[in-house]
Amino acid sequence: MNTPPAMLYPELLAPFDMHAIMRDGQRLDHAEGASKPLRSRPEPQPRGAKVHGSRPIDQAEAAARLIAAPEHEKMHDERLWDLRQKRDREMHGIAEWEELRALASAIKEHTLTHLDQYLEQFEANALSNGVHVHWARDAAEHNQTVHGILKDHGAKSLIKSKSMLTEECGFRPYMASVGIEVIETDLGERIQQLDNEDPSHVVVPAVHKLRTDVAEVFARTIGTDPANSDVHYLAEAQREATRPLILAADAGMTGCNFAVAETGTFVVCTNEGNADLSANVPKLHIASIGIEKIIPRFEHLAVFVRLLSRSALGSPVTQYTSHFRGPREGGEMHIVLVDNGRSERLGMEEFWTSLKCIRCGACMNTCPVYRRSGGLSYGATYSGPIGLIIDPTFNQRKYSNLPFSSTLNGSCSNVCPVKINIHEQIYAWRRVLVEQHETPFAKRAEMKAAGELLSRPAAYRAAIAAADVALAHLPRWVIYNGLNAWGQHREVPHPPQQTFHSWYQANRGEKK
Ligand code: SF4
């Protein structure tokens, strides 16, 4: 077993720490004062969806594997529901919350319908701030552009803060293929990088992992004690292992939360200050910005900053809201403005408002399907309700099953800070996919049969009556078997004594 890395800056240890664990008058570091593992043989982490080229992702299959791992399912569900509850508490503390949402939605819709003009204004102002501006039509152009900048500077290593856009572009695998080392500076994203997994959530990328999973990843990759899943120990070990790489990196990269047209500046919100490391440690700073991130004026920022962190994590503000204007002295700043399908989406009448998304993750936290299936079960960059309406715009066939992974309860639309009608767009995608024959034959046949039954009231009532009798009298094993997906994780409801229809006939219907 590898020895855990030594403290890089032992002098920075606080001289008095009320939480320190002491032995023989000496402060033990977290490794020695270890918390106990959850149990001797931790539950293995269920992995995400199986991805085979453009074959339709079977989200249900991957979700079933998470559900079969009770510790993971419970933790995932509770952790995300906790975020949803915190978001509600913050929301109730702001009297004008609904006005803020309406304003944010209006600003985004205005910007998206004048996008060309605001993008040009942003570019002109960024150029006058001394920034190099590049345009990328798609993921390949983005990756090649960044590679070109790095090559021009002889850069061999790059530190990078979390960015869903770079995930979308397959940036890390591309950089690996051209021999450039990428180091993620966000802790969750670094965990995912070391585990060779995509982020499972837009805000908390490793939320699906138990601390025992993280202990296993770090033991395998940076040589920590596999039996020690103390979170302080793991975080400290990661910091000690990554900090030297950060200090030695040739270039830094960030994403962007908001880009302001009138100033040519952009803002990155983080809770770990990791974007500031990427932007300020090396002299070369590259920012990848999706073209939908533009907002017209500086004053609009306040609307979005007030909504973002409250919706995402239920906290009033992110720990760091960093503004970037131009290169620091002796440095260089590049912005890559990326389309990658956004212009096309803007032209889709039913789906263009999905571009308003500020990637807060609130729709994911509230979604009962997402909470019990995990982000990696979607087999796509974007998961949860927002993923269901964005992913098919990238590849209709591959993501044709995803819009069916929703109860359409509307909770996602209710919590969305920019008022995207998510559940209506999910429903609209179902229609589009059925019309374009992108759904499996079995599902089409089932839907057709259901349509036939529902369009014949007499047949429907007879079927319901027969089902009620069957449910009341059949032996349990006939109802609860592998063919009944509904009964696999819950009890089938008891049939009522009287259906609404028969009650209505008896009490409100025409008397014969
Ligand atoms: S769709 Fe709305 S709730 Fe979901 S991530 Fe985007 S902004 Fe947040």
Side-chain angles (χ1 to χ4, degrees), residues 80-81 83-88 90-91 97-98 100-109 111-112 162-165 167-168 198-205 207 255-259 267 269 290-295 300-301 303-315 318 342 345-346 348 350-371 373 375 378 380-394 399 402-403 405-429:
L80 293 167
W81 187 244
L83 291 181
R84 160 72 209 262
Q85 288 178 313
K86 286 182 178 147
R87 173 251 173 221
D88 289 354
E90 282 297 321
M91 177 201 76
W97 182 260
E98 287 307 317
L100 272 180
R101 287 179 74 213
L103 191 54
S105 171
I107 294 168
K108 279 283 182 183
E109 289 190 9
T111 317
L112 288 167
K162 192 170 76 57
S163 147
M164 292 310 292
L165 175 59
E167 297 293 333
E168 194 183 304
D198 292 334
S200 75
H201 187 285
V202 292
V203 176
V204 274
V207 69
C256 158
N257 290 93
F258 308 104
V267 171
C269 303
I291 56 172
E292 85 285 15
K293 297 286 181 183
I294 299 283
I295 55 172
H300 296 149
L301 259 181
V303 176
F304 293 99
V305 169
R306 290 184 79 194
L307 286 166
L308 177 62
S309 189
R310 287 185 170 92
S311 301
L313 300 170
S315 59
T318 44
R342 285 158 175 76
R345 205 179 305 151
L346 195 54
M348 300 170 104
E350 287 178 286
F351 306 113
W352 71 273
T353 56
S354 62
L355 287 162
K356 293 192 289 182
C357 176
I358 58 171
R359 308 278 189 263
C360 71
C363 58
M364 304 159 90
N365 303 344
T366 200
C367 175
V369 175
Y370 176 86
R371 290 204 315 273
S373 56
Y378 295 75
T381 301
Y382 300 101
S383 53
I386 182 62
L388 305 190
I389 58 176
I390 290 184
D391 294 328
T393 67
F394 289 110
Y399 303 118
L402 295 189
S405 294
S406 168
T407 64
L408 297 181
N409 64 21
S411 181
C412 45
S413 305
N414 289 339
V415 298
C416 179
V418 285
K419 289 177 88 79
I420 302 174
N421 59 337
I422 307 170
H423 71 293
E424 289 170 359
Q425 292 193 31
I426 295 172
Y427 184 67
W429 265 117

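Computed from a prediction, not measured in an experiment: that's the story for all the values here. Atoms within a ligand are numbered from 1 in the order they appear, just like the ligands themselves.
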**Report entry** Other residues, nucleotides, ligands: >12 heavy atoms within 6.0 Å of Y427 OH
**Finding:** no
Query raised in the report: Among R359, K108, K356, which residue meets the salt bridge (charged side-chain N to carboxylate O under 4.0 Å, His left out) test with E292?
Result: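 Exactly one pass, corresponding to R359.
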Report task. Check whether any side-chain N or O of D198 sits under 3.5 Å from a backbone N or O of A380 as a donor-acceptor pair, and report yes or no. Result ->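 No; zero donor-acceptor contacts below 3.5 Å.
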Query raised in the report: Would a distance-only check, ignoring hydrogens and angles, find a side-chain to backbone donor-acceptor pair under 3.5 Å from T318 to S309?
Result: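 No; judged by distance alone, with no hydrogens or angles, the pair does not exist.
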Report task. Considering only NZ, NE, NH1 and NH2 on the basic side and carboxylate oxygens on the acidic side, decide whether E90 and R87 come within less than 4.0 Å. Result -> no
**Report entry** Protein N, O or S atoms lying under 2.8 Å from atom 4 (Fe) of ligand 1, listed by chain and number
**Finding:** C363 SG
Query raised in the report: At what distance is the nearest protein heavy atom to atom 7 (S) of ligand 1, and which residue and atom is it?
Result: I358 N, 3.4 Å
**Report entry** Aromatic plane relationship, Y370 with H201 - under 30° parallel, 30 to 60° tilted, over 60° perpendicular
**Finding:** perpendicular
Query raised in the report: Which ligand 1 atoms, with their elements, are less than 4.0 angstrom from a heavy-atom of P417?
Result: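 Counting from 1, the qualifying ligand atoms are 2 (Fe), 3 (S), 7 (S), 8 (Fe).
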Query raised in the report: Looking at side-chain heavy atoms only, is the closest gap between E350 and W429 below 4.5 Å?
Result: no
